[in-house]
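Structure, as structure tokens:
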Amino acid sequence: MIIVFCLGIESTAHTFSCSVVNEGGILSDVRSVYKASEGKGIHPREAAIHHADNSKKVLDTALNDARISIKDIDVIAYSKGPGLGPCLRVGAVIARALAVYYNKPLVPVNHAVAHLELGMMLTRANDPLALLISGGHCMILALSNNRWRVFGETLDITLGQLLDQFGREAGFASPCGAIIEELAERSHNYYTLPYSIKGNDVSYSGLLTAAKKALKSNRLEDICYSLQETAFSMLTEAVERALAFTEKRELLVVGGVAANKRLAYLLEQVCKLHDAKLFVVPTKFAGDCGAQIAWTGLLEYHAGISIKVEDATVIQSWRLDTVDIIWNRQTLLH
Amino acid sequence: MQQIKVKVRLDLPYDLSNTITKALAADNINFPDGLSMDMMIDESLNIVFKCNDINKIKSMINTIDETLEHISMILDMLGEKNARS
């Protein structure tokens with residue numbers, strides 16, 4: 001097989017990242033993360049300015065780390081969506097400019113699909129039920145007939161949004177998952193919070209409102225503990241039903257919230273009950289990164305996917321269950 | 001009807017003008033009614049922003065701001081910011 005070097009550019013939300021991969025794996029992955037001020041959420045335009053200001057440094061470092069020149073890159077992949085418009089446009093403009101100037105093929109990548117593909121590459125999960133949990137996604141998925149099918153998702157806010165919005169109410173800066181996990185470990189006092197599952201979908205907005213309200217008259221550690229236990233139990237219940245229904249023997253967890261050890265423990269217990277193996281994406285690659293775009297771009301390129309520069313638009317709302325998965329990852333993995 | 005027109009002229013070599021034009025064109029869609037952006041290359045890269053609705057002048061300012069930021073980023077990315085512009 002001819003070795004193909006793919007540059008991936010990620011810019012859907014707070015992270016601007018570039019990565020170089022080839023069939024042998026990840027050669028570099030460099031990130032610069034926009035930090036909102038404490039108590040505030042991501043401001044799309046400010047995040048985009050951050051990305052633009054840091055783009056050259058990140059790209060140059062990614063190329064240097066991979067010991068490759070931009071002229072030796074074979075294909076350029078970018079996050080087409082879903083994401084924040086101003087942020088997506090920064091990555092797309094860079095990708096289009098490099099593709100035109102250096103005459104390289106351009107590959108559009110769905111950011112959510114890319115989380116799943118990188119997770120499968122890194123863990124070697126083969127045919128998993130997948131749990132995608134981040135600030136932008138909260139979905140239970142399985143691959144069937146060339147598309148990721150949704151077996152459960154949030155009806156309102158995502159798990160990442162729940163943790164971030166609660167954390168900001170408590171005065172922390174996003175992302176807040178790690179500090180909430182740390183505080184939760186200091187308590188075992190459960191404060192009753194709304195537990196809402198509808199069908200196989202979860203609803204977190206009522207839980208968020210109740211947790212914010214409880215914060216005013218209870219210890220922060222107790223509410224962090226109660227919030228995690230409630231939110232994770234809801235999700236674990238939905239995952240267990242999906243495991244039972246699909247009879248999958250693998251569960252893959254990807255996305256920024258995959259780094260949470262308590263959630264991993266609960267999912268591990270469910271997997272044991274259903275004779276399934278748990279695969280959690282390594283923490284380093286759980287959040288948004290260029291490697292997910294580069295790797296998925298490489299898979300797509302080998303499947304013959306590329307687009308003209310004039311067609312390389314961005315789509316802010318691009319559901320992953322509308323993407324045809326026509327590439328064969330096994331040919332690259334073995 | 002009042003029209004606000006802003007012209008931006010960048011004296012750049014053709015290869016850079018061509019790269020910028022193509023890199024920006026794909027986002028030049030779904031503009032609000034009354035707002036437009038056109039790019040032409042002659043000896044320079046010319047970008048014309050037009051706004052027919054005084055209530056949309058903030059959108060026009062934001063569009064110009066983002067466009068110039070993207071151009072600056074492209075020139076920086078290609079290592080051409082100080083070399084040729």
Side-chain angles (χ1 to χ4, degrees), chain A residues 7 9 11 16 18 32 43-63 69-71 73 76 78 80-81 83-104 106 108 307-317, chain B residues 8 10-33 35-42 44-49 51 56-85:
Chain A
L7 168 68
I9 301 170
S11 69
F16 182 83
C18 292
S32 179
H43 186 295
R45 188 73 188 101
E46 286 179 9
I49 290 169
H50 162 272
H51 295 353
D53 288 347
N54 290 279
S55 55
K56 179 170 173 55
K57 186 179 170 189
V58 171
L59 174 65
D60 287 350
T61 309
L63 292 170
S69 155
I70 185 70
K71 292 176 183 172
I73 291 289
I76 296 168
Y78 75 103
K80 184 183 170 92
L84 304 169
C87 298
L88 285 169
R89 287 196 289 276
V90 169
V93 164
I94 292 168
R96 292 191 295 251
L98 293 174
V100 172
Y101 197 74
Y102 294 105
N103 193 27
K104 307 290 183 188
L106 195 55
I307 54 171
K308 294 177 182 172
V309 170
E310 55 266 37
D311 296 329
T313 55
V314 300
I315 305 176
Q316 293 186 56
S317 301
Chain B
V8 175
L10 292 160
D11 293 324
L12 294 168
Y14 176 81
D15 59 341
L16 285 177
S17 294
N18 182 52
T19 298
I20 290 169
T21 304
K22 289 183 175 172
L24 299 184
D27 291 330
N28 192 8
I29 54 172
N30 298 328
F31 267 57
D33 287 343
L35 200 64
S36 67
M37 172 182 150
D38 295 299
M39 294 181 284
M40 296 142 285
I41 303 173
D42 46 32
S44 311
L45 170 58
N46 300 283
I47 308 175
V48 180
F49 301 89
C51 179
K56 288 177 180 161
I57 194 160
K58 282 190 178 176
S59 297
M60 184 190 198
I61 292 167
N62 289 337
T63 302
I64 295 169
D65 182 48
E66 185 176 284
T67 303
L68 294 179
E69 181 182 72
H70 286 170
I71 291 170
S72 173
M73 183 177 70
I74 291 168
L75 294 175
D76 197 25
M77 189 68 56
L78 300 178
E80 302 284 358
K81 204 169 191 177
N82 300 315
R84 294 204 280 171
S85 62

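Numbers restart at 1 for each chain; the letters A, B, ... are given by sequence-line order, proteins then strands. Any value given below was found using the heavy atoms of this structure, including those in side chains, with hydrogens, waters and symmetry copies removed.
- Taking CZ of A/Arg89 as the reference point, atom OG1 of B/Thr67 lies at 9.0 Å (rounded to 0.5 Å).
- Proximity to chain B (any heavy atom under 4.5 Å) is shown, for A/Ile49, by both the backbone and the side chain.
- For the side chain to side chain contact (heavy atoms under 4.5 Å, CB included) criterion with A/Val93, the lone passing option out of B/Glu66, B/Met77, B/His70 is B/His70.
- At a 4.5 Å heavy-atom cutoff, the contact between B/Ile29 and chain A is made by side-chain atoms alone.
- Put simply, the side chain of B/Asn18 does not reach to within 4.5 Å of the side chain of A/Tyr101, judged on heavy atoms.
- Of the atoms belonging to B/Asn28, not a single heavy atom falls under 4.5 Å from chain A.
- Around CG of B/Asp33, the count of heavy atoms belonging to other residues, nucleotides or ligands within 6.0 Å does not exceed 12.
- Looking at A/Arg96 and B/Ile74, their side chains never come closer than 4.5 Å, going by heavy atoms from C-beta outward.
- Using a 4.0 Å cut-off between a side-chain N of Lys or Arg and a carboxylate O of Asp or Glu, A/Arg45 and B/Glu69 qualify as a salt bridge.
- The number of heavy-atom neighbours closer than 6.0 Å to NZ of B/Lys22, taken from other residues, nucleotides and ligands shown, is 12 or below.
- Only the backbone of A/Ala312 has a heavy atom closer than 4.5 Å to any heavy atom of chain B.
- No other option in B/Thr19, B/Leu24, B/Ile20 has as many heavy-atom pairs under 4.5 Å with chain A as B/Thr19.
- Of the listed residues (A/Val309, A/Ile70, A/Ile94, A/Asp311), the one with the most heavy-atom contacts under 4.5 Å to chain B is A/Ile94.
- The shortest side-chain heavy-atom distance between B/Leu78 and A/Leu98 falls under the 4.5 Å cut-off.
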